[in-house]
S.K.: 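Have a look at this one.
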Amino acid sequence: MSYQTIKLEFNSKTAVVSINRPDKLNALNSNVMSELEHCFTELKKNDDVCVVILTGSGEKAFVAGADISELNKLNMIAAKDYAEKGQALFNLIENMNKPVIAVVNGFALGGGCELALSCHIRLASENAKFGQPEVNLGLIPGYGGTQRLTRLVNSGRAMELIITGDIIDAGEALRLGLVNKVYPLADLLNKAYEMADKIASKSQYAVKQAVKAINICKEVSGSEGLSFEASLFSLCCGTDDFKEGTSAFLEKRKPSFKNK
Ligand code: COA
């Protein structure tokens with residue numbers, strides 16, 4: 001399928017999805033949301049892809065939020081549907097069966113910050129800016145921000161960001177643990193490719209189980225989480241990759257994973 005508002009490219013085993021409305025700072029309108037939904041559904045089924053990079057086109061924005069011209073038309077009934085559809089897409093991203101790296105190359109505001117939060121890892125450029133400025137629009141985050149931001153940074157900092165609408169720079173986002181790493185904009189995509197290639201060189205079965213085990217954390221109690229971890233650990237031990245990884249260590253050579 002050819003997309004109008006996003007771009008899909010491939011770099012080795014990495015799919016690169018770029019939101020492509022740079023003149024509107026990549027704001028999320030309903031076309032972007034439905035194309036992202038289609039694209040991530042297809043990528044989930046694509047076994048040739050080990051990692052997905054999600055970024056914004058241009059040098060100014062990752063995503064500057066939900067499209068305010070669409071928000072402006074919402075009534076109460078439509079708004080519930082709007083938030084739930086967005087949440088379903090962001091859940092799809094969070095529950096992808098391969099790691100998703102947000103490459104935050106500028107503004108990540110409102111829905112853009114929430115989109116980055118739904119990814120597994122966040123790499124940012126030095127010029128990136130983060131915030132949940134919905135209170136300035138008479139709103140609160142509706143695509144999971146109150147939940148994911150609170151889990152990722154502490155609840156006091158999430159509260160401060162959401163109820164002041166303050167915008168923070170990449171350095172502050174790094175200090176808060178909101179992003180994993182910060183790079184100069186010119187290096188950002190290559191650093192993301194390096195990380196993606198490193199992940200793609202591991203046992204993909206093990207990587208997938210790790211993503212599942214970490215994601216389940218927010219859904220279940222500590223003891224249920226440990227039990228789930230033990231089950232996934234044991235499944236890994238049934239793979240050829242486990243035999244290969246452990247044998248390669250003992251034989252002092254590099255493992256060659258077949259992903260079986
Ligand atoms: N929805 C719709 N359009 C948006 C948008 C959004 N969230 N964010 C930016 N745009 C559009 C602007 O309307 C403008 O379009 P125009 O050229 O047709 O007028 C274009 O993108 C460029 O934005 P502009 O505001 O001129 O850039 P700037 O550098 O002066 O300011 C921001 C950048 C990000 C500070 C500013 O665009 C902004 O505050 N955006 C809204 C952020 C927000 O509240 N997001 C949360 C939404 S839930």
Side-chain angles (χ1 to χ4, degrees), residues 3-7 17-37 54-94 102-119 122-153 157-173 176 178-179 182 185 188:
Y3 297 115
Q4 310 300 312
T5 60
I6 65 174
K7 275 190 298 183
V17 181
S18 309
I19 296 161
N20 193 24
R21 298 181 75 208
D23 53 325
K24 295 290 179 191
L25 305 188
N26 302 319
L28 300 172
N29 65 11
S30 44
N31 290 343
V32 176
M33 297 296 275
S34 55
E35 291 193 345
L36 283 175
E37 202 263 335
L54 178 60
T55 192
S57 292
E59 299 203 332
K60 203 168 161 187
F62 171 69
V63 168
D67 191 310
I68 298 170
S69 65
E70 286 190 357
L71 285 179
N72 177 255
K73 298 188 180 75
L74 290 177
N75 60 32
M76 276 171 72
I77 307 289
K80 181 101 188 315
D81 189 46
Y82 178 93
E84 285 173 354
K85 273 195 184 145
Q87 290 176 2
L89 169 62
F90 289 15
N91 286 343
L92 169 70
I93 294 172
E94 184 172 62
V103 170
V104 181
N105 55 320
F107 288 111
L109 303 179
C113 188
E114 293 170 294
L115 180 59
L117 288 166
S118 73
C119 297
R122 283 153 292 282
L123 306 181
S125 56
E126 288 165 346
N127 63 312
K129 299 258 190 296
F130 295 81
Q132 296 288 164
E134 286 88 347
V135 284
N136 297 327
L137 305 171
L139 284 173
I140 65 166
Y143 286 166
T146 61
Q147 306 303 300
R148 290 196 178 92
L149 187 61
T150 305
R151 274 197 298 269
L152 190 63
V153 304
R157 296 312 305 268
M159 188 71 81
E160 181 185 341
L161 283 171
I162 291 172
I163 67 180
T164 64
D166 280 352
I167 308 291
I168 59 170
D169 64 18
E172 179 69 0
L176 288 181
L178 178 42
V179 298
V182 177
L185 180 60
L188 180 65

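In each ligand, atom 1 is the first atom listed, and ligand 1 is the first ligand listed.
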S.K.: Do protein heavy atoms approach atom 31 (O) of ligand 1 to less than 4.0 Å?
M.R.: no
S.K.: Are any of the protein's heavy atoms under 4.0 angstrom from atom 26 (O) of ligand 1, yes or no?
M.R.: no
S.K.: Would you call Lys60 a ligand 1 contact, heavy-atom distance under 4.0 Å?
M.R.: yes
S.K.: Identify which one of Asn26, Asn31, Val32 satisfies the side-chain contact (heavy atoms from CB on, under 4.5 Å) criterion when paired with Leu28.
M.R.: Val32
S.K.: Check each of Asp23, Leu137, Asn26 against atom 20 (C) of ligand 1 and report the one with the nearest heavy atom.
M.R.: Asp23
S.K.: For Ser125 and Asn127, test the side chains for any donor-to-acceptor distance below 3.5 angstrom and give the result as yes or no.
M.R.: yes
S.K.: Within the supplied structure, the quantity of interest is the number of heavy atoms (other residues, nucleotides, ligands) at a distance under 6.0 Å from Glu126 CD; does it exceed 12?
M.R.: yes
S.K.: Does the protein place a non-hydrogen atom closer than 4.0 angstrom to atom 12 (C) of ligand 1?
M.R.: no
S.K.: Would you confirm whether Arg122, through its side chain, and Ala116, through its main-chain N or O, come within 3.5 Å as a donor-acceptor pair?
M.R.: yes
S.K.: Could you grab the distance from atom CD of Gln87 to atom CD of Glu94, nearest 0.5 Å is fine?
M.R.: 11.0 Å
S.K.: Quick one: which ligand 1 atoms are inside 4.0 Å of a heavy atom on Leu109?
M.R.: 34 (C), 42 (C)
S.K.: So, Glu35 side chain and Thr5 main chain: donor-acceptor pair closer than 3.5 Å or not?
M.R.: yes
S.K.: Could you check atom 19 (O) of ligand 1 against the protein and tell me its nearest heavy-atom contact, residue, atom and distance included?
M.R.: Lys24 NZ, 4.6 Å
S.K.: Can you pull the salt bridge (charged side-chain N to carboxylate O under 4.0 Å, His left out) pairs that have at least one residue in residues 62-82, sequence neighbours excluded?
M.R.: Arg21-Asp67, Lys80-Glu84, Asp81-Lys85
S.K.: Might you check, step by step, whether the distance between atom 34 (C) of ligand 1 and some protein heavy atom is under 4.0 Å?
M.R.: yes
S.K.: Heavy atom to atom 43 (C) of ligand 1, shortest distance: which of Ala64, Gly165, Gly65, Gly110 holds it?
M.R.: Ala64
S.K.: Is there a protein heavy atom at a distance of less than 4.0 Å from atom 39 (O) of ligand 1?
M.R.: no
S.K.: Which of these, Gly145, Gly142, Ala108, Pro133, has its nearest heavy atom closest to atom 44 (O) of ligand 1?
M.R.: Pro133
S.K.: Can you name the side chain to side chain donor-acceptor pair (under 3.5 Å) partners of Glu134, sequence neighbours left out?
M.R.: Gln132
S.K.: Do side-chain atoms of Glu37 reach the backbone of Leu89 as a donor and acceptor pair under 3.5 angstrom?
M.R.: no
S.K.: Is there a donor-acceptor contact under 3.5 Å from the side chain of Asn105 to the main chain of Gly56?
M.R.: yes
S.K.: Hey, is ligand 1 close enough to Ile68 that some N/O pair sits below 3.5 Å?
M.R.: yes
S.K.: Is at least one protein non-hydrogen atom found at under 4.0 angstrom from atom 1 (N) of ligand 1?
M.R.: yes
S.K.: Please report which non-hydrogen protein atom sits nearest to atom 9 (C) of ligand 1, along with the residue it belongs to and the distance in Å to one decimal place.
M.R.: Leu25 CD1, 3.8 Å
S.K.: What residue and atom, counting heavy atoms only, is the protein's closest point to atom 5 (C) of ligand 1, and at what distance?
M.R.: Ala27 CB, 4.0 Å
